[in-house]
Undergrad: 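Please find one structure pasted underneath; my questions will follow.
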Protein chains: 2
Amino acid sequence: MLNAMKTQGRGLAPQQVRGMNRAVVLQLFRRFRQLSRADIARHSGMSEGTVSRIIAELMQERLVSEQGVENSTGGRPGTLLRLDSSHFHAVGAEIQNWETRVAVGTLEGRMVASESFRTPASPPKALDAVADAFRSLSRPYGAERLEGLGVSVRGIVNSESGVLEVGNNPAWTGLAVRAQLEQRVGFPVYVENNIRSAALVEYSLGVPEAHASHSLLYVMVNEGVGMGIVLGGQLYRGPHNAAGEFGQMVIADSPGDGGQDRPGCLESLASNPALCDRYAELSGNPRKSSEETAARARQICYLALQGDEAARQAVTEVSRYLGIGIANAVWGLDADMVVIDGVLTEAWPLVSKAIRNQFPADRELQTFTHLDLRPCFFRGDASLLGAVALPFAHIFNTGQRGVTGNGSARNGGK
Amino acid sequence: MLNAMKTQGRGLAPQQVRGMNRAVVLQLFRRFRQLSRADIARHSGMSEGTVSRIIAELMQERLVSEQGVENSTGGRPGTLLRLDSSHFHAVGAEIQNWETRVAVGTLEGRMVASESFRTPASPPKALDAVADAFRSLSRPYGAERLEGLGVSVRGIVNSESGVLEVGNNPAWTGLAVRAQLEQRVGFPVYVENNIRSAALVEYSLGVPEAHASHSLLYVMVNEGVGMGIVLGGQLYRGPHNAAGEFGQMVIADSPGDGGQDRPGCLESLASNPALCDRYAELSGNPRKSSEETAARARQICYLALQGDEAARQAVTEVSRYLGIGIANAVWGLDADMVVIDGVLTEAWPLVSKAIRNQFPADRELQTFTHLDLRPCFFRGDASLLGAVALPFAHIFNTGQRGVTGNGSARNGGK
DNA sequence: CTGCTTTCTTGCTTATCGCAATAAAGTGGA
DNA sequence: TCCACTTTATTGCGATAAGCAAGAAAGCAG
């Protein structure tokens, strides 16, 4: 069902202005780690007086603190401000098919402790285990400054209701993850699709260029291929929370009619299993179907970098298909940054070359000449860090009215 | 070059709140043609007092007028309000390679007069001709209520600067269309890419379902294939004003490396020329290359509906490719509405069937089961009407802060 | 020590909204 | 006919928060 809330159409009260401007200020801190009040006024266009008042409020709440002074440029030096990570913590959990990882992190996105365990088969037990980890990990961080628990899961997640609408595993479909976990931990819980949370954290806490991008595509290659889309700083979810199904893109025609996972879709040509299969063909070692494809793919990447010809060719071919898909998406969305995640990136020199070969050669096409293509900053940790960042999102978003294709962000009381 | 202005990062003053709320109210009038003040308060969440004050302001400016009363439901009946189209007019021009069309239209998007002529070969002469048409058409509509001139052109348009950065025809590349025309007509000029303006008008003035959609894709099939993307009611342009290059999407792999218009891209498989070529192959009549493909394609559509087997097959094959491309885009963006424009839609029953065949059969996939696929509401007039609507855009957008991937909308003084 | 520059703070004015009281305009039952 | 009741519209009041400008604070250069 379409989410009822549309982005546009809601009125705005003067009382909400402060919230929006607070968010603007906090976003600036993510982009430029430290700023003076005068810097903020210049970047945001707000008056210096307003900035002063907002900063006073944020310091009162201990979100921001003064950290040293600028060098003078002939006048009074500005006092440098930055996010104060010592008072706010959050816990994030990344629930994967086999493994669950839980971590504590700070407002600035630094991970300070983590643990992991094999994901219990039954959903209730898995949630119990997450709740246990939450309690043990969060114990050292005083309850009054713990923002809550963020969860990254595979599947179609309604982040507003906290329900996993279509699980990767049928047993999880329809599970009210938020409600269930809030009951267990007694803190606010935020749930998001794993790829989307990774995309968001890569945007907001990855390299500065990412935070400056207008249109970022985060591409995750593992058993399948998924895409997280961040447009104008806002995560784009789509009306059914289903945007980014990159793996279903057909890039090689084969006769017959549509359907899911039919021959020719990106996922069947560029993914860990595809890499393993192709390598098996080229090297003549049929692969055991039960094998864990991630580990095997890592091996193949290693071999490719060592000069093994079959591995090299397999990596190049798979990356070439990925490149076709990425070029399609970039043509369509005019993206200015593409971030690739997954074990395939371990052979980055080969991968990036094969991908770029699929870009048009025309030197006049700004879209491609300015495109920033790079491997994931947080490597395998993006989804987990994304989960950690979820409970902080409302602090940075209060009053945001951007386009997510969907109502978003709980409006947690401050 | 990336446009300097980012959507986020700008502060907001309480004085801008009124502008935003005005815009919310005006958008509601586009969605529900007529409303009472109480209706507006309910839909927007604003208080009744605020709505009253905003409506008073809009009536003063003659943008809105009272038109009858509701039936009572047991209390005082509401006075119905609607946009007042009698006081505001704008002129739009659609400049195509061979033909230029110019029209006058109202605030509500009704065309009231139009003319067309062969596009002069040299850009300055073409702009002269547009300016002449502007003057003759706008004469009957008093100067004080003429909003300006909107222009739809092919190519990469920076709608903020009004410069045609990459023209479809090299002679037009780099032309400062806005500046040139403003000098000639003495009214504000707004320039936009033809597909984008068509997409926008299809969204805002087409069927009500379009205005209610969260993620609309407008697909224009002619010599090439282009896409206009409207997300959350905002046109998505991309950081280089280049989003929507749908025709470059590769959907049929062929060996070799990337580039523009290489075999396998959508445009080479689904477009008017592709239809003509395919029909020529199937029917055995080689087509004269000089032939105008639009007229020929129209013929083929007609033949297909009449039962000509070769035509039927050509239309179906071409639509099948189009369907693959559309399915790819819908998977990626989770679109809830797709509008198709171009002569191909004259064989709609065949076309829509072939497209739908490329959608996944799975009944559980909300994205596709809820997808609204239809032919363009304005048929061949979308780009022209879009041009007419451009000068009104700032009235409906004042203060909007949505994500366009780009700074947008001139802030014309009221 | 005296200008000069830049940063930060604070009081005043202004815009605007929500709330609530009130007016207006209808229905329906006694 | 009249009175209670419902829904719509208007208006005065109080509160929020921004911009502006005056001024304090804190450095540098001579």
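Convention: sequence-line order gives letters A, B, ...; per-chain numbering from 1.
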Undergrad: Taking the nucleotide of DNA chain C with the closest heavy atom to each, which residue, A:A13 or A:R53, is nearer the 5' end?
TA: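 Here A:R53 is the residue nearer the 5' end.
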Undergrad: Using 30° and 60° as the class boundaries, would you call the ring planes of A:H89 and A:Y141 parallel, tilted or perpendicular?
TA: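 Tilted.
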Undergrad: In terms of the angle between their ring planes, are B:Y190 and B:H394 parallel, tilted or perpendicular, with boundaries placed at 30° and 60°?
TA: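 Rings of B:Y190 and B:H394: parallel, as their planes differ by under 30°.
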Undergrad: Do we see a donor-acceptor contact under 3.5 Å between the side chains of A:E192 and A:S197?
TA: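 Result is no, nothing qualifies.
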Undergrad: Can you tell me how far C1' of D:dA17 sits from CD of B:Q16, to the nearest Å?
TA: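 Nearest whole value for this atom pair: 13 Å.
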Undergrad: Quick check on B:Q183: does its CD atom have over 12 non-hydrogen neighbours (other residues, nucleotides or ligands) under 6.0 Å away?
TA: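 No, not enclosed.
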Undergrad: State, with a plain yes or no, whether a side-chain heavy atom of A:L58 is found less than 4.5 Å away from one of A:L26.
TA: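 Yes; the side chains approach each other to less than 4.5 Å.
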Undergrad: CD of B:E48 versus P of D:dG12: gap in Å, rounded?
TA: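 Between P of D:dG12 and CD of B:E48: 17 Å.
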Undergrad: Would you kindly give the CZ-to-C1' distance between A:R18 and C:dT16, to the nearest whole Å?
TA: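 My rounded result for the distance is 16 Å.
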Undergrad: Between D:dA18, D:dA9, C:dT16, which nucleotide gets closest to the side-chain atoms of B:T79?
TA: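 Selected nucleotide: D:dA9.
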Undergrad: Of the nucleotides D:dA18, C:dC8, D:dA9, which one has an atom closest to the side chain of B:R76?
TA: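 Of the options given, the side chain of B:R76 lies nearest D:dA9.
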Undergrad: Could you state the CD-P distance from A:Q60 to C:dT9, rounded to the nearest angstrom?
TA: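 Taking atom P of C:dT9 as the reference, CD of A:Q60 is at 14 Å.
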Undergrad: Tell me which nucleotide among D:dA18, C:dA25, D:dG27 gets nearest to the side chain of A:N21.
TA: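 Shortest atom-to-atom distance from the side chain points to D:dA18.
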Undergrad: When you measure from the side chain of B:R37, which nucleotide among C:dC17, D:dA9, D:dG19 comes out closest?
TA: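 Ranking C:dC17, D:dA9, D:dG19 by closest atom to the B:R37 side chain puts D:dA9 first.
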Undergrad: Please compare A:S52 and A:G75 by the position of their nearest nucleotide in DNA chain C and report the one closer to 5'.
TA: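 It is A:G75 whose nearest nucleotide is closer to the 5' end.
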Undergrad: Distance check: side-chain N/O of A:T50 vs OP1/OP2 of D:dG19, anything under 4.0 Å?
TA: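 True: A:T50 side-chain N/O within range (under 4.0 Å) of D:dG19 OP1/OP2.
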Undergrad: Examine C:dG26: is either OP1 or OP2 under 4.0 Å from a nitrogen or oxygen in the side chain of B:S72? Give yes or no.
TA: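 No.
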Undergrad: What is the separation between atom CD1 on A:I54 and atom C1' on C:dT10, rounded to the nearest whole Å?
TA: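 It works out to 16 Å between those atoms.
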Undergrad: Taking the side chain of A:R42 as its heavy atoms from C-beta onward, which of C:dC12, C:dT7, C:dC17 lies nearest to it?
TA: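 Nucleotide nearest to A:R42's side chain: C:dT7.
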Undergrad: Atom CG of A:L80 and atom P of C:dT6: how far apart are they, to the nearest Å?
TA: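 Nearest whole value for this atom pair: 17 Å.
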Undergrad: Once you apply a heavy-atom cut-off of 4.0 Å, does B:G78 come out as touching a base, just sugar-phosphate, or nothing?
TA: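 Contact class for B:G78: sugar-phosphate only.
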Undergrad: In whole Å, I'd like the distance from the CD1 atom of B:I55 to the C1' atom of D:dT11.
TA: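 Answer to the nearest Å: 17 Å.
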Undergrad: Quick one: B:L35 CG to D:dT8 C1', roughly how many Å, whole number?
TA: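 Nearest whole value for this atom pair: 14 Å.
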Undergrad: For A:Q15 and A:G74, find the nucleotide of DNA chain D closest to each by heavy atoms; which residue's nucleotide sits nearer the 5' end?
TA: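 This one resolves to A:Q15.
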Undergrad: Of the listed nucleotides (C:dG26, D:dT7, D:dA9), which one gets closest to any side-chain atom of B:T73?
TA: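 Selected nucleotide (nearest to the side chain): D:dT7.
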Undergrad: More than 12 foreign heavy atoms under 6.0 Å from CD of A:Q67: is that the case here?
TA: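 Buried by this count: over 12 neighbours within 6.0 Å.
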Undergrad: Within the 4.0 Å heavy-atom criterion, would you say A:P14 contacts the bases, only the backbone, or no part of the nucleic acid?
TA: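 It contacts base atoms.
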